[in-house]
There are 2 protein chains.
Amino acid sequence: MNIKDIAKKCNLSVATISRVINNDPKVADSTRKKVLSVIDKYKFVPNITGRSLRTQKSNKILVLLPTMSNQFYSEIIQGIEETAEEKGYAILVAVTNLQEHQEIKYLHMLRMKHVDGCISLFNTIDAESISSLAKTYPFVQCCEPTMGADVSSVEINNRQAVYDVVNQFIQKGHKTIGMISGDYYKTSELGRETGYKEALRDNGLVFEKSLLVKNFYRYEDGAIGAKKIMAHNPKPTAIVCASDSLALGATSYLKSEGYTVGKDICVMGFDNTAITTYTSPTISSIGQPRYDLGKESFKLLYEKLENINSTNKKIILPYEIIHRESTGCSK
Amino acid sequence: MNIKDIAKKCNLSVATISRVINNDPKVADSTRKKVLSVIDKYKFVPNITGRSLRTQKSNKILVLLPTMSNQFYSEIIQGIEETAEEKGYAILVAVTNLQEHQEIKYLHMLRMKHVDGCISLFNTIDAESISSLAKTYPFVQCCEPTMGADVSSVEINNRQAVYDVVNQFIQKGHKTIGMISGDYYKTSELGRETGYKEALRDNGLVFEKSLLVKNFYRYEDGAIGAKKIMAHNPKPTAIVCASDSLALGATSYLKSEGYTVGKDICVMGFDNTAITTYTSPTISSIGQPRYDLGKESFKLLYEKLENINSTNKKIILPYEIIHRESTGCSK
DNA sequence: CTTTTTTATTTAAACGTTTACATTTATATT
DNA sequence: AATATAAATGTAAACGTTTAAATAAAAAAG
């Protein structure tokens with residue numbers, strides 16, 4: 001059942017059927033009604049490939065993830081998906097597993113016109129490549145804009161978030177504060193570490209290298225980090241972490257060493273993933289507006305889909321500091 | 001740059017170019033070499049939409065997930081993805097959020113030929129609908145085959161897995177064993193619960209309704225379930241859970257009540273997600289071969305893609321019982 | 001050196017749409 | 001009533017491939 005068949009059933013030309021399908025106002029109400037009823041009767045659905053070939057659009061967008069094994073992305077994708085659907089776009093999710101050749105392979109889908117645009121949650125390729133890609137193809141970075149790249153992006157103010165948290169700690173009397181960060185997501189990491197350092201500085205505290213440890217984002221790294229930090233003298237009374245898994249690992253190490261987290265020492269996570277409420281103590285965390293990060297990313301992408309020459313925008317969304325048991329303590 | 005342009009550059013017809021692209025042996029070696037060099041020179045990539053329209057295949061398959069916020073699926077998808085890629089298929093991931101209208105919407109992509117086939121990780125629609133869908137379109141169920149549906153599927157033996165675990169508990173001297181299950185994934189749930197009941201029966205123990213609680217799969221439900229089960233007299237000394245989050249919730253409740261999990265009471269999770277090693281105590285779990293579940297699912301789907309009338313197959317893959325701290329105890 | 005067979009290449013139609021342009025029909029203006 | 005204008009519909013080309021069928025070229029057979 002194709003548009004020709006429908007045209008025959010209606011005693012009309014395919015053009016008119018097409019116009020009805022595409023809500024072209026230049027068709028008489030009576031004919032429109034007739035056509036719609038026939039379409040409905042035969043449950044006709046226009047062939048998307050034919051349409052794509054003709055319009056030179058796939059009506060699909062690519063969502064590029066560094067990994068699937070991160071709770072964090074699911075809601076972002078939902079935000080993208082639901083906003084995209086309103087505009088008639090389907091999403092295609094691909095995972096790079098942090099490998100550059102995978103990333104390049106998937107980005108090639110843009111050039112091959114398999115997809116009309118791309119929202120990327122993380123990129124390894126350099127700023128210049130990103131800029132030039134974004135000049136030619138609709139492309140938006142979400143959460144981790146490449147530094148120095150000329151591209152539309154959506155993120156939170158990572159620097160300010162950690163700044164606020166450390167500031168709160170200091171207001172509560174904490175004097176020695178550690179930080180466990182990662183060594184991969186360059187942009188957000190740098191922001192978070194800068195926030196840490198600036199909050200110390202603005203409160204007259206000196207930044208000490210041994211209180212900031214960087215590694216991966218695995219649970220184990222949280223434990224290792226906490227161990228290193230607790231070796232400091234005087235002993236830290238608060239630790240801010242660049243992810244919830246790090247905070248969890250740190251907490252578990254601290255517990256095993258006899259500390260009561262939330263009392264002897266405060267631990268702050270990042271991303272407010274579900275796991276934060278599944279543990280004892282529950283983990284305080286900095287929450288990102290995940291759904292909206294996705295939603296706004298698509299909106300930016302849509303501007304590019306409509307006009308590739310529209311100016312790049314950088315959107316900053318608000319974060320949220322959620323206190324749970326792990327930060328119950330003042331000093 | 002399209003196939004016509006290449007043809008012109010080569011002084012050949014488009015047909016010959018097409019044959020080179022598709023490795024048709026009916027083309028002279030010398031011409032093939034020439035064509036390939038031109039293709040390479042201009043970095044020509046065949047337009048997939050044109051090809052799809054002509055061949056009436058999209059070379060895409062749909063992967064249908066109940067939810068993205070489950071660690072468990074990521075590796076399955078990877079298994080599908082990598083196997084699919086070898087055969088030239090790209091995957092499109094969609095999430096139903098357990099809503100039937102979403103499921104129906106996405107399955108419609110099969111009829112609309114947006115995708116050539118579908119691997120579904122969960123279905124709400126009834127067995128008859130599944131059977132008739134699978135008769136017309138390449139369709140495979142992974143992990144949660146609909147009971148009574150005539151369809152290819154891949155899963156583990158859920159019944160046997162729990163049977164084994166409960167049996168082990170009994171061998172170790174446990175006499176009162178509870179189970180926390182869910183109330184959604186009909187197939188795996190029923191299997192797991194049956195395994196529980198049969199192991200009790202085969203060891204001369206009676207199944208008591210109050211020792212099997214069913215609810216959702218959330219963390220909270222694990223805590224609620226454990227509370228109910230511990231109200232039993234005599235007190236249970238082991239609990240098997242239908243998911244890791246349930247096991248985690250149960251463990252957290254038990255700890256808060258002063259029990260030492262792994263010593264006073266054993267807790268077994270299901271799915272062996274990363275979270276099991278992030279907690280104290282670490283959680284024992286039943287592991288499914290996730291990558292292979294995905295891989296085998298695609299293989300089955302591929303059989304259907306090649307011949308929709310090939311017979312349906314049911315594949316059962318091995319599971320793995322992983323003991324960690326939470327099951328350290330014998331009685 | 002024909003004729004037949006095999007191999008290589010071309011021609012042209014087809015896939016299912018959309019859309020500029022042409023045409024017909026209806027309505028408004030004189 | 002004749003003409004101009006507007007609205008509705010039709011015609012046909014185009015999007016980029018693949019692939020039967022037709023043809024041309026080369027090789028084998030006589």
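The analysis underlying the following values was restricted to heavy atoms, covering all of them including side chains, and did not include hydrogens, waters or symmetry mates. Lettering follows sequence order; numbering is per chain, from 1.
- Closest contact between the side chain of B/Leu53 and the listed nucleotides C/dT18, D/dG16, D/dG10 involves D/dG16.
- A/Ile48 comes within 4.0 angstrom of no nucleic acid atom, judged by non-hydrogen atoms across all strands.
- The distance from the CZ atom of A/Phe139 to the OG atom of A/Ser131 is 10.0 Å, given to the nearest 0.5 Å.
- For the pair A/Asp29 CG and D/dA7 C1', the interatomic distance rounds to 12 Å; values are reported in whole Å.
- Comparing D/dA12, C/dT9, D/dT9 against the side chain of A/Val14 picks out D/dA12 as the nearest.
- Within the structure, every side-chain polar atom (N or O) of B/Gln56 is placed at least 4.0 Å from both OP1 and OP2 of D/dT17.
- For the pair B/Thr16 and C/dT10, the criterion of a side-chain N or O lying under 4.0 Å from OP1 or OP2 is met.
- A salt bridge is defined here as a Lys NZ or Arg NE, NH1 or NH2 lying under 4.0 Å from an Asp or Glu carboxylate O, and A/Lys313 with A/Glu303 meets this definition.
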Would A/Lys186 and A/Glu189 count as a salt bridge (charged side-chain N to carboxylate O under 4.0 Å, His left out) if you check the C-alpha gap in whole Å, the side-chain angles of each, and the deciding distance to 0.1 Å? CA-CA 5 Å; A/Lys186 306 294 176 206; A/Glu189 262 160 38; 5.2 Å; no
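- Put simply, NZ on A/Lys57 is 19 Å from P on C/dT17, counting in whole angstrom units.
- In this structure, B/Phe122 has its ring center closer than 6.0 angstrom to the ring center of B/Tyr185.
- Listed nucleotides C/dT17, D/dG16, D/dT9 differ in distance to A/Ala28; the shortest reach to its side chain belongs to D/dT9.
- Closest to the side chain of A/Arg54, out of C/dT17, D/dT17, D/dT11, is C/dT17.
- Taking 4.5 Å as the limit, every side-chain heavy atom of B/Ile91 sits out of range of all side-chain heavy atoms of B/Lys60.
- Where B/Asn11 and B/Gly50 each meet DNA chain C at their nearest nucleotide, the meeting point lying more 5' is that of B/Asn11.
- For B/Asn2, whose side chain is taken as the heavy atoms from C-beta onward, the closest listed nucleotide among C/dT17, D/dT9, D/dT17 is D/dT17.
- Which of D/dT18, C/dT17, D/dA20 sits closest to the side chain of B/Arg19 comes down to D/dA20.
- Residue B/Ser18 is in base contact, counting any heavy-atom pair closer than 4.0 Å across all strands shown.
- Counting only heavy atoms from C-beta on, A/Ser13 has its side chain closest to D/dT11 among D/dT11, C/dC15, C/dT9.
- Listed candidates were D/dT18, D/dA8, C/dT17. Nearest to the side chain of A/Arg51 is C/dT17.
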